[in-house]
Protein chains: 2
Amino acid sequence: MTTPCHACPLRQNPAFEDFTPQELAFMERFKIGELTIEPGRTILMQGAQSPQFYTVLRGQGLRAKTLEDGRRQVISFVLPGDLVGLQAMVMREMQHSVEASTEVTLCVFDRAGLWDLFSSQPQRAYSLTWLSAVEENFLGETVATLGQRDAVQRIAWALVRLHDRLTQLDLSVDGWVPMPWRQQDLADAMGLSLVHTNKTLARMRAERLAIWQGRRLALPAREMLAELAAVEVEGTQPRPLL
Amino acid sequence: MTTPCHACPLRQNPAFEDFTPQELAFMERFKIGELTIEPGRTILMQGAQSPQFYTVLRGQGLRAKTLEDGRRQVISFVLPGDLVGLQAMVMREMQHSVEASTEVTLCVFDRAGLWDLFSSQPQRAYSLTWLSAVEENFLGETVATLGQRDAVQRIAWALVRLHDRLTQLDLSVDGWVPMPWRQQDLADAMGLSLVHTNKTLARMRAERLAIWQGRRLALPAREMLAELAAVEVEGTQPRPLL
DNA sequence: CGCTTCTTTGACCCTTATCAATGGCTGTGG
DNA sequence: CCACAGCCATTGATAAGGGTCAAAGAAGCG
């Protein structure tokens with residue numbers, strides 16, 4: 001039993017732009033189904049082609065690239081509202097994998113419908129480009145983090161970013177946000193070894209800057225952490241959905 | 001005296017998709033002028049808003065982010081055909097600067113025309129999204145490089161990528177491609193110190209893997225370098241323009 | 001309850017950063 | 001035409017941040 005777009009829990013969130021009734025009607029037609037993936041499973045495999053693309057309705061995951069020699073780089077963490085698989089639409093195939101870290105529910109759209117979207121729904125097409133640009137911008141920040149910041153700053157940056165986004169998504173409960181990833185994932189995202197990541201987290205925990213345990217995260221001193229990592233303040237304008 | 005789109009030197013290049021006559025006509029109207037920037041000057045400043053955006057017609061530059069404490073991260077190198085300033089369109093403002101490394105000529109487009117593009121030229125809008133996705137993909141690869149590869153591999157990766165793109169753009173002369181950047185730029189791009197970058201380049205030069213001098217670059221052993229860096233083979237499908 | 005997966009901790013070492021000069025090229029002005 | 005300034009490339013010496021190895025706890029799960 002799928003969630004109809006008019007009842008989409010994401011659209012209720014002020015962090016996302018609202019739809020006009022026409023857009024809503026279009027999306028209801030455009031969405032061809034829902035897909036649920038178990039935690040730990042792969043949503044899209046690096047190198048795969050896909051006749052569909054997705055939007056995350058519920059759950060969390062990550063994008064990762066595997067290099068030839070087996071090393072893994074986590075490109076970004078995937079949260080509700082994120083687009084998944086646009087890559088496979090315009091490039092021949094996915095250049096990275098997407099994995100589910102919790103159970104993930106995806107809205108499914110057909111590749112064939114994309115042309116329809118561009119020709120009949122310019123506003124939706126613009127939103128798509130917007131989302132792509134937002135992601136590009138975020139990756140730019142990631143590049144800056146990996147290139148310029150040391151281990152403490154990298155981890156602080158990642159935690160603040162995740163914490164902020166999860167909070168915006170209303171996933172915060174009593175100051176705790178869900179943190180379903182493994183330390184290895186964070187290490188792979190920040191280009192650090194697991195060991196060093198663990199030791200750095202331990203230090204931050206001792207200083208009561210970030211407490212991550214039991215798959216949840218709390219930042220008792222979010223501001224201090226943000227300053228430590230020199231996280232850029234982010235405009236809180238609503239981002240488009242799909 | 002500006003270059004009319006029908007005589008655009010980039011479109012002649014098979015690396016780029018061709019236009020239909022209608023698209024061509026639209027672009028001629030959409031392009032409101034040309035802008036030439038001297039080497040060393042800033043095209044767009046981090047934090048700036050811009051009523052226009054650009055496409056690079058000639059010349060080379062770079063995108064860079066400056067952190068609060070003055071450290072600089074080069075996000076990517078900018079070559080002909082690249083889009084510049086889309087960021088400022090959809091986000092409030094530029095999150096990075098764009099600098100000219102040589103004299104750069106830009107095609108200028110008006111922000112106001114963008115809506116027109118989306119509503120009347122779905123194919124162009126799709127191309128815009130495509131370009132954005134290509135850039136996103138490239139940044140993903142950059143993240144993987146900074147996160148997982150050591151100094152030699154990073155530099156090899158960057159040189160191969162630049163060499164390949166410049167060659168595709170027909171900028172190669174006798175195996176030499178233009179390399180107008182400073183070692184400091186490459187160091188800032190790869191998250192390495194200038195000193196270490198220099199020493200690594202010296203070693204590669206000694207091994208006749210990469211010869212970079214006098215603002216040009218030759219890769220006598222491109223394949224060996226590519227293997228060294230584990231550069232992914234890239235589909236050579238034409239990319240869209242604008 | 002035993003197995004597997006993930007986290008934690010200690011010891012050691014290597015890659016890369018930092019510091020400090022020198023050398024080279026280019027343009028400008030006396 | 002030479003001297004000087006400025007920018008960039010080059011090189012050597014030293015130090016540190018983070019990687020690697022190894023092994024022991026915790027914690028989830030069938």
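Within every chain, numbering begins at 1; the chains are lettered A, B, ... in the order of the sequence lines, protein sequences first and strands thereafter.
For the residue pair B/Glu141 / B/Trp157, a side-chain donor-acceptor distance below 3.5 Å is found, with atom types taken as modelled. Counting only N and O atoms by type, the side chains of A/Ser76 and A/Arg63 include a donor and acceptor under 3.5 Å apart.
Going from atom CG of A/Leu194 over to atom P of C/dC6 covers 10 Å, rounded to whole Å. Atom pair A/Arg203:CZ and C/dT7:P shows a separation of 17 Å (rounding to whole Å applied). Rounded to whole Å, the distance from CZ on A/Arg71 to P on D/dT20 is 9 Å. Distance A/Arg149 CZ to D/dG17 C1': 17 Å, rounded to the nearest Å. Rounded to whole Å, atom C1' of D/dC8 lies 15 Å from atom CD of B/Gln213. Regarding B/Asp188, its CG atom lies at a distance of 12 Å from the P atom of D/dC8, rounded to whole Å. If you measure from atom CH2 of A/Trp181 to atom P of C/dT7, you get 14 Å, rounded to the nearest angstrom. Note: CD (A/Gln184) to P (D/dT20) measures 11 Å, nearest angstrom.
If you check every strand for non-hydrogen atoms under 4.0 Å, B/Arg215 touches nothing. No engagement by A/Gly214 is indicated, since no non-hydrogen atom pair under 4.0 Å with the nucleic acid exists.
Across C/dT9, C/dT18, C/dT16, the shortest atom-to-atom separation from the side chain of B/Ser193 is found for C/dT18. Here the nucleotide nearest the side chain of B/Ala151, chosen from C/dT9, C/dT16, D/dA9, is C/dT16. Checking D/dG18, C/dG10, D/dC8 against every side-chain atom of A/Leu192, the shortest atom distance belongs to D/dG18. Taking the side chain of B/His196 as heavy atoms from C-beta on, and the options D/dG18, C/dT16, D/dT11, the nearest nucleotide is C/dT16. Side chain of B/Arg182, nearest nucleotide from D/dT20, D/dA9, D/dG12: D/dA9.
The shortest distance between the side-chain N/O atoms of A/Gln183 and the OP1/OP2 oxygens of C/dT8 is below 4.0 Å. For B/Asn198, a side-chain nitrogen or oxygen approaches OP1 or OP2 of D/dT10 to under 4.0 Å. Regarding contacts with the backbone of C/dT16, every side-chain N or O of B/Arg154 stays at 4.0 angstrom or more from both OP1 and OP2.
Ion pair B/Arg72/B/Asp185 flagged as a salt bridge, since at least one NZ, NE, NH1 or NH2 atom sits closer than 4.0 Å to an Asp/Glu carboxylate oxygen.
A/Ile75 approaches A/Thr142 most closely through the heavy-atom pair O-CG2, 4.5 Å.
Applying the 6.0 Å contact sphere to CG of B/Asp69 captures more than 12 heavy atoms from other residues, nucleotides or ligands.
Scanning atom types as modelled, no donor and acceptor separated by under 3.5 angstrom connect the side chain of A/Lys199 and the base of D/dG19.
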